[in-house]
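To start, the structure itself, in structure tokens.
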Amino acid sequence: MNAFPDSDSLTALKFTSVLGLFPWKLAFQQNKFYQTLYYWYSLFVLLWDIGFVFTSYVELVILLRGEVLHIDEICTNIRITTIYTCIIIRLVMIRTSSGLLKLIQEIIDSDKQVTIVDDEETTKLVKTETSINNLKFIWYVGICCSIGLQFFIRPLVAEPEIIQIGNITEVGPRDLIILTWFPFDEQKYYWVAYFLQVIDGIIGTLFVALSDVFIVNLILYPTTQLKKLQHIFRNFEHYQQSYKRLNSCETEESAGIKVITHLVQRHQRIIKFVDTFNGWMGPLMVFDFLQSSIQIASILISDLRRDITFAMVCFIVTFFVGMVLRLYLHYYSANELILESEKLADAIWYSNWYEQSPKIKYLMLIVIIRAQKSLKYNIGAFGIMSLESGIAILKATYTYITVFTSNN
């Protein structure tokens with residue numbers, strides 16, 4: 001019994017089931033008991049994370065309503081609250097959206113289907129691209145876990161603050177992993193609060209990493225399929241002859257028409273996949289775009305105001321690398337879709353189109369014309385996901401830091 005659908009393109013998505021991200025309707029389809037257990041497990045983990053984010057907002061309100069605004073503490077809270085809010089919204093959409101199920105089902109059906117142009121070369125191409133993408137995901141999850149581990153260790157190695165009041169010397173409150181609200185005195189019951197935050201941190205860190213893997217895996221799927229189409233178009237004569245030989249076609253034209261008709265249909269399915277993704281994720285990407293620069297700026301502002309130590313430098317470098325890698329996975333991958341969709345016309349140009357019949361040339365021309373309108377992932381109605389968008393986030397981060405430092 002397979003717990004999840006058998007699909008090489010979904011290998012990374014299957015690992016997201018650790019926290020119940022993989023849609024429960026597609027898990028344990030042959031065993032309703034296990035499917036029900038998985039459903040309640042995924043719901044429990046999601047509700048736990050929602051409760052954690054709620055306590056972060058309560059603490060943020062308390063900080064903002066204080067008589068004195070402690071910028072360090074506010075930034076420390078915001079750097080976690082913003083990204084976790086985005087992740088919570090993403091998780092709810094993953095759990096409730098019918099559009100997501102359509103996307104995943106399209107991948108499953110496509111991997112199961114053995115088409116007239118599938119051979120060792122196309123299979124090798126897809127597996128190579130999938131392996132490269134999975135390696136990127138492993139590096140990203142590893143860096144996220146490294147960042148989370150440093151969050152856990154910092155309060156344990158931090159030197160306590162010494163407060164001098166007249167002739168009395170007192171030890172200041174001990175730092176926790178993150179600033180959240182507790183319904184009890186967290187200093188009196190420090191280790192209880194610390195243990196709860198470790199649990200929150202582990203779940204939160206994995207949610208950030210695995211939900212990004214989940215989304216980027218979907219973003220990369222059309223790009224891989226477009227590279228497969230390019231390969232077939234560049235070697236159109238080979239696949240035309242192969243189809244003619246295997247199916248005993250009378251003429252090369254009839255074999256070529258069968259092959260290119262299939263390729264046109266496949267191209268249309270890729271376009272539909274991208275449109276479905278934009279309809280499902282487009283609005284959420286607006287919030288993700290806006291919070292990314294705020295999150296990076298908040299952690300740099302809060303930590304750079306403190307005394308610089310080697311441990312702090314390591315943390316800032318690791319965090320910044322992790323956030324840049326996150327932007328790379330989202331925006332570089334989305335930018336690849338734009339480029340690869342345009343390269344489809346080039347692939348046809350490098351084929352033996354000039355030797356084909358007028359009917360096949362006409363079908364090829366249709367694909368070339370459609371390829372002039374590149375496929376894009378949208379940031380809602382405000383723009384497209386591309387390298388320029390990722391750079392714009394880093395520019396906004398620099399602007400926030402510059403404005404803050406100039407006012408202080």
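Numbers for residues simply follow the sequence, beginning at 1.
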Inset, instruction - Examine distances only and state if a side-chain atom of Gln372 and a backbone atom of Ile368 form a donor-acceptor pair shorter than 3.5 Å. - result: yes
Legend entry - Single hit among Val208, Val213, Thr205 for side-chain contact (heavy atoms from CB on, under 4.5 Å) with Val141: Val213
Inset, instruction - Decide whether a cation-pi geometry holds between Arg174 and Tyr190; the criteria are a distance under 6.0 Å from NZ or CZ to the six-membered ring centre and an angle within 45° of the ring axis. - result: yes
Legend entry - Asn352-Gln356 side chain donor-acceptor pair, cut-off 3.5 Å: yes
Legend entry - Main-chain N/O of Val126 paired to Thr130 side chain as donor or acceptor, under 3.5 Å: yes
What donor-acceptor contacts under 3.5 angstrom involve side-chain atoms of residues 10-19, with partners at least two apart or in another chain?
| residue | atom | partner | partner atom | Å |
| --- | --- | --- | --- | --- |
| Thr11 | OG1 | Asp8 | O | 2.8 |
| Lys14 | NZ | Pro5 | O | 3.1 |
| Thr16 | OG1 | Leu13 | O | 2.4 |
| Ser17 | OG | Lys14 | O | 2.6 |

Legend entry - Side-chain donor-acceptor contact under 3.5 Å, Ser110 with Arg269: no
Legend entry - Closest heavy-atom pair and its distance - Gln240, Val259: CA-CG2, 4.3 Å
Inset, instruction - May I ask you to say whether Arg326 pairs ionically with Asp212, meaning some side-chain N is under 4.0 Å from a carboxylate O? - result: yes
Inset, instruction - Could you tell me whether the side chains of His231 and Tyr239 share a donor-acceptor contact shorter than 3.5 Å? - result: yes
Legend entry - Distance-only side-chain donor-acceptor flag, Tyr57 / Thr85, under 3.5 Å: yes
Legend entry - Geometric class of the Phe4/Phe28 ring pair [parallel <30°, tilted 30-60°, perpendicular >60°]: tilted
Legend entry - Backbone of Lys373 reached by a side-chain donor or acceptor of Arg370 within 3.5 Å: yes
Inset, instruction - State whether a side-chain donor-acceptor pair under 3.5 Å links Ser351 with Glu237. - result: no
Legend entry - Asp200 backbone acceptor or donor facing Asp49 side chain under 3.5 Å: no
Legend entry - Neighbour count above 12 (heavy atom, 6.0 Å) for Lys376 NZ: yes
Legend entry - Over-ring placement of Arg90 relative to Phe207, 6.0 Å and 45° cut-offs: no
Inset, instruction - Determine the interplanar angle of the Tyr194 and Trp191 rings, folded into 0 to 90°, and report it as parallel if under 30°, tilted if 30 to 60°, perpendicular if over 60°. - result: perpendicular
Inset, instruction - Answer yes when Lys124 and Asp119 have at least one side-chain N-carboxylate O distance shorter than 4.0 Å, and no when they do not. - result: no
Legend entry - Gln197 side-chain N/O to Ile177 backbone N/O, donor-acceptor pair under 3.5 Å: yes
Inset, instruction - Report yes or no: do Gln35 and Gln29 form a side-chain donor-acceptor pair below 3.5 Å? - result: no
